[in-house]
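Reading through the structure tokens given below for one structure.
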Amino acid sequence: MSDAAIEPVLERPSANPTLKAVITDLLREAADRFIVPRFQNLQSQDIATKTSDTDFVTIADQQAEAWLAPKLSVLQPGFVIGEEAASLTPAICDQIPVGYGWTIDPLDGTKNFVKGKPAFCSMVALLWNGQPVQSWIWQPLTQTLFYAAEGQGAVRIDKNGASSLRLKNRSDDVDLMFGSGNSLGLIEPQKSAFQARLRLLAGRRFTGSAGIQACLIASGDEDFLIHGNSTPWDHAPVDLLCREAGGYAAMLRDESRFHVAMKAPFMAVSSQAGWNRLRDAVWRD
């Protein structure tokens, strides 16, 4: 966290009861307006970089977030942290207010999107005192929604209807686990040591989207996501979806629950036993 956790000081009032359906419709509309028409149709002037030559932002990211952000704060008043707004003004992540808030990742998997690969999504999370209480991950190419609400479980909704997500019978043998991991955000010498341990994971692969990887975990298709650093827009929806589907998600250093003020290694795994065994395999303080 920043580095002291923000303790809840308010009793949580009921959120707008229409949010589940309304946010889904907004994500669909944002994707239909700004994202899908540009998939495999980007022009050079539509693409820029942020922190590195491979950290892309596109006009689709920017326009989708600008369209979504004011609508979210009307539906459920509170602060809004969007990935693109934070890239322009990083200080907005430094002071997380108590009460309701939102995170937005308008286009998660931008590098895939730029390369014309289909592994991308749009993500929104509703926060209470900096922790996710509802989350939406929208996959526009397949018209599939992954939704989670704190204490109410997780569902996948697609053309075939809604199905509850409940993880079971995933192996906790590290050699039999499949997933994605990176060391972004760590510094040397820890970064190189962590990278070396990640390379030893037999089932490690590169999804290129935290949201897509969370959906694979929640569906019982894969087992883990390991990131060297956490961000509000990536990890708020990922944390809640994986936990509500029956997996386990926490900060690697001390197993504390994710909070959007945290900037530290994060891991989500398909079971708590698997989380513990994978942590033993990859993490050294």
Side-chain angles (χ1 to χ4, degrees), residues 22-75 79-93 101-127 132 135-146 180 182 184-185 206-215 225 227 229-239 241 260 263 266:
V22 174
I23 301 302
T24 301
D25 289 343
L26 287 177
L27 287 171
R28 180 187 291 109
E29 185 173 352
D32 290 348
R33 282 183 179 221
F34 307 111
I35 297 173
V36 175
R38 292 190 171 98
F39 180 56
Q40 300 180 336
N41 193 35
L42 286 168
Q43 307 302 308
S44 59
Q45 64 268 25
D46 296 334
I47 307 168
T49 56
K50 295 187 285 189
T51 60
S52 73
D53 291 342
T54 58
D55 184 12
F56 293 108
V57 62
T58 74
I59 191 171
D61 302 70
Q62 295 165 334
Q63 290 184 344
E65 182 175 311
W67 186 84
L68 282 166
K71 294 174 173 58
L72 297 179
S73 59
V74 168
L75 285 166
F79 67 98
V80 179
I81 302 175
E83 179 177 12
E84 306 317 324
S87 73
L88 296 174
T89 312
I92 67 174
C93 298
W102 295 95
T103 64
I104 310 172
D105 192 340
L107 180 49
D108 182 59
T110 302
K111 187 186 297 185
N112 289 338
F113 184 77
V114 167
K115 293 182 177 181
K117 297 180 179 180
F120 62 86
C121 59
S122 299
M123 303 196 291
V124 164
L126 177 67
L127 312 173
S135 69
W136 295 255
I137 301 178
W138 175 246
Q139 298 183 24
L141 296 184
T142 60
Q143 298 282 289
T144 302
L145 174 75
F146 285 75
S180 176
N182 69 57
L184 296 175
F206 301 93
T207 309
S209 164
I212 295 295
Q213 189 62 36
C215 294
L225 174 150
H227 282 177
N229 192 32
S230 57
T231 61
W233 43 86
D234 278 332
H235 298 96
V238 166
D239 170 78
L241 177 66
V260 295
K263 299 175 183 177
F266 170 89

Validation row: [X], [Y] side chains within 4.5 angstrom (heavy atoms):
X	Y	answer
M123	W138	no
H227	L184	no
I23	L72	yes
E83	I104	no
K111	K117	no
V80	I92	no
F34	L107	no
Q63	R38	yes

### Task
Take S209 and N112 through the side-chain hydrogen bond (donor to acceptor under 3.5 Å, both in side chains) test and state the conclusion after the steps.
CA-CA 8 Å; S209 164; N112 289 338; 5.8 Å; no
### Message
Taking salt bridge (charged side-chain N to carboxylate O under 4.0 Å, His left out) as the definition, give me every residue that meets it alongside D108, ordered by chain and number, with sequence neighbours left out.
### Response
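Expected list: none.
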### Steps toward side-chain contact (heavy atoms from CB on, under 4.5 Å) verdict (S122, I35)
CA-CA 9 Å; S122 299; I35 297 173; 3.5 Å; yes
### Inter-residue atom distance D105.CG - D61.CG, 0.5 Å rounding
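It comes to 7.5 Å.
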### Message
Rounded at 0.5 Å granularity, tell me how far CD in Q213 sits from SG in C121.
### Response
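That separation rounds to 11.0 Å.
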### Query
So among I81, L127, L126, which one has a side-chain contact (heavy atoms from CB on, under 4.5 Å) with W102?
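For W102, the side-chain contact (heavy atoms from CB on, under 4.5 Å) test succeeds with only one of I81, L127, L126, which is L126.
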### Query
According to the interplanar angle, ranging from 0 to 90°, do the rings of F120 and F39 count as parallel (below 30°), tilted (30 to 60°) or perpendicular (above 60°)?
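Taking F39 first and then F120, their aromatic rings sit tilted (interplane angle of 30° to 60°).
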### Task
Begin from the C-alpha positions of L68 and L27 and carry the test side-chain contact (heavy atoms from CB on, under 4.5 Å) through to its verdict.
CA-CA 8 Å; L68 282 166; L27 287 171; 4.1 Å; yes
### Task
Show your working on side-chain contact (heavy atoms from CB on, under 4.5 Å) between L141 and Q143 and close with a plain yes or no.
CA-CA 6 Å; L141 296 184; Q143 298 282 289; over 6 Å; no
### Query
Is the number of heavy atoms from other residues, nucleotides or ligands within 6.0 Å of NZ (K115) greater than 12?
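Not buried by this count: 12 neighbours or fewer within 6.0 Å.
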Return the minimal non-hydrogen interatomic distance between [X] and [Y], and the atom names on each side.
X	Y	result
I137	C215	CG2-SG, 3.7 Å
V238	A210	CG2-O, 3.6 Å
G185	N229	CA-CB, 3.8 Å
A66	P70	O-CD, 3.2 Å

### Task
Would you check, one step at a time, whether the test side-chain contact (heavy atoms from CB on, under 4.5 Å) holds for F206 with N182?
CA-CA 9 Å; F206 301 93; N182 69 57; over 6 Å; no
